[in-house]
Amino acid sequence: MSRSDDGIVIVGASAAGLSAADGLREGGYTGPITLMDEEVEPGYDRPMLSKGLLAAKDTEPAALRTSDQLAAKGIDLLGGHGAVGLDVDRRLVVTSWGEAIPWEHVVLATGVAARPLVTTDGTPLPTLRTRADLATARSLAAGGRPVTLVGAGFIGLEVAAALRSRGVEVRVLSGCELPLASLVGDQVAGWLHQLHLAHGATFELGVPTASVTETAAGYDIHLADGRVRHAATVLAGIGTDPCTDWLIGSGVALDGGAVTDPAGRTNVPGVWAAGDVASTPDARLGRPRRFEHWTHAIEQGRSVGLNIARRDAVPYDAVPFVWTEQYGYTVHLLGERRPGDTDVVVEGHVTDGDFVVAHADAGELHGVTICGRVRALRVFKKLLRSGASLDDALSAATPA
Amino acid sequence: MTSVKVDPGRCTAYGLCVGIHPEVFNVPPGSPIAVVTREVLTPDDLEDVQEAIRACPAQALTLVEG
Ligand SMILES: Cc1cc2nc3c(=O)[nH]c(=O)nc-3n(C[C@H](O)[C@H](O)[C@H](O)COP(=O)(O)OP(=O)(O)OC[C@H]3O[C@@H](n4cnc5c(N)ncnc54)[C@H](O)[C@@H]3O)c2cc1C
Ligand code: SF4
């Protein structure tokens, strides 16, 4: 039986899901496309939540698409419809309203959720992932009380910088010795850390948080070495978990996300995944892994849309591209630094916030971290795309 | 001839496009929108410009032919 009339259902209407819909139309698919999302108004500029939006007092996150743009492409958006189950035999998505939506192909684009940090009394502490979380974070910022951030990844550090720009007292707790060091190397991580200190953020590093208890004045944070820190308010940035609970038992292989091949296909025919929720085998690690970044979600989503439309299985393997913004400095990461890499300053000076640092091992270039030198971005992206060496990076650089 | 234009009503000047193709896009200090610094795109520009168009959170970029 042909199911082509059933069209394509995309679950999750953010970066990856919207791009998959665009990719389907770009690839020539003319059938029905239904995008569904549990958020009532899904699809907004998520990276800005921890940057300009938290620094500002009331600007709303920008919508990624207008209803006119969706209508022009014949894309139906069902906001406020969460997927609660996937039936791969009858090819149905079951929604939180009890509907059963049929599909010929389905794209899983449900992203990840902020990992909750829950007090011993069972209260989840605020995190920053959604539009609703922004409102909570803003009320913390406006409350005038010091904020303790648990976790010093990109989001924790961006939140720290945004809160400092609003004059909020900020303390960052993290189990790592030097935030972001594994991603950008010790020199750049050290410079960023100094930047935070110079702007008045304080840090307690090297000891993980063991538990949080509620007190009359706020919270007691129990560190793994037995010390206790009092906190008036807490915001947690301790990682993410894939939104795959609704897929448990469906038959779709789950391992740190929905497992896909490089083309975006899961183990179940007709079921694809893209964006933060997708977990793709990584030969070097020997297990599947997620890649949680904006342009990756967009490009991989589009690639899945194109593959479905063209009945193709083109692998997606672009050079990873990430950015972060702290205190007015935008740092770009291209490729990926690996454990044990040497970090070589190939342009400028790290302490000036104007540099290109190459991450390499035995002459093999794995990634670069760039700040202030936008011209270098494309030069090094091309080098990484072509599998260039550290020597190639050195000769492409303009050191001054 | 292909060029790219910025919709001033949508652009928020955050500069994601600049990170993807800094030779074509720029956000000058104080500018409320991104500006296009290369009038006519070369074939080598196209792939990255198209990526910038897709990545732009405001959907403020469009290709113009002719
Ligand atoms: C604060 C913050 C700052 C960031 N900054 C950067 C940055 O500077 N640079 C960068 O590269 N990346 C950044 N990221 C990461 C980037 O935002 C993500 O990689 C990107 O949003 C992933 O897109 P996605 O579509 O895969 O998933 P998401 O954006 O997470 O979207 C998933 C969608 O699925 C919906 N959904 C989930 N479960 C269900 C369900 N069961 N049924 C229906 N709908 C469901 C959700 O409501 C959501 O709309 C940041 C993320 C955050 C949270
Ligand atoms: S990415 Fe879009 S919104 Fe941002 S500066 Fe460029 S054109 Fe403007």
Side-chain angles (χ1 to χ4, degrees), chain A residues 14-16 18-20 22-23 26 43-49 51-53 56 59 61-66 68-70 72 293-303 305 318-319 321-325 328 330-334 370-382 385, chain B:
Chain A
S14 177
L18 289 164
S19 304
D22 285 345
E26 182 186 346
Y44 44 87
D45 189 352
R46 196 178 302 286
M48 282 300 264
L49 294 178
K51 304 180 178 69
L53 286 169
T59 322
L64 298 177
R65 299 289 186 280
T66 61
D68 288 348
Q69 284 169 331
L70 294 174
H293 297 294
W294 187 254
T295 56
H296 176 85
I298 289 172
E299 294 300 304
Q300 195 188 31
R302 167 182 181 249
S303 170
V319 174
F321 169 77
V322 184
W323 78 98
T324 178
E325 191 198 313
T330 302
V331 180
H332 288 95
L333 285 68
L334 289 168
I370 299 177
C371 184
R373 303 201 156 216
V374 285
R375 184 207 55 83
L377 282 165
R378 255 186 117 229
V379 175
F380 288 94
K381 194 190 328 181
K382 284 186 182 175
R385 209 180 267 156
Chain B
M1 180 190 111
T2 307
S3 55
V4 58
K5 78 171 195 299
V6 181
D7 179 342
R10 314 193 110 257
C11 175
T12 57
Y14 178 63
L16 183 45
C17 51
V18 185
I20 296 173
H21 201 329
E23 287 133 71
V24 168
F25 303 103
N26 186 23
V27 180
S31 169
I33 58 162
V35 296
V36 174
T37 54
R38 184 175 286 164
E39 281 304 317
V40 180
L41 301 177
T42 66
D44 173 64
D45 291 329
L46 268 187
E47 189 180 333
D48 285 338
V49 167
Q50 273 161 339
E51 181 175 335
I53 291 173
R54 292 190 291 268
C56 171
Q59 296 284 294
L61 300 172
T62 35
L63 274 190
V64 188
E65 300 289 343

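Computed from a prediction, not measured in an experiment: that's the story for all the values here.
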Heavy-atom contact with chain B under 4.5 Å, split by part of A/Ile298: side chain
Side-chain heavy-atom pair B/Arg54, A/Thr295 within 4.5 angstrom cut-off: no
Heavy-atom closest contact (A/Trp294 atom, B/Ala55 atom, distance): NE1-O, 3.3 Å
Presence of salt bridge, A/Arg378 and B/Asp48, under 4.0 angstrom: yes
Greatest number of heavy atom pairs closer than 4.5 Å to chain A - which of B/His21, B/Arg10, B/Glu23: B/His21
Interchain contact, A/Arg46 with chain B, by part (heavy-atom threshold 4.5 Å): neither
Which atoms of B/Gln50 approach chain A - backbone, side chain, both or neither, heavy atom under 4.5 Å: neither
Exercise: identify the closest heavy-atom pair between A/Leu377 and B/Gly19: CD1-O, 3.3 Å
Heavy-atom proximity to chain B below 4.5 Å, by part of A/Ala63: backbone
Nearest-0.5 Å distance that lies between atom CG in A/Leu18 and atom CD in B/Gln59: 8.5 Å
Partner set under side-chain hydrogen bond (donor to acceptor under 3.5 Å, both in side chains) for B/Glu51, not counting sequence neighbours: none
Straight-line distance of B/Tyr14 OH to A/Leu53 CG, nearest 0.5 Å: 10.5 Å
Part of B/Leu16 lying under 4.5 Å from any heavy atom of chain A: side chain
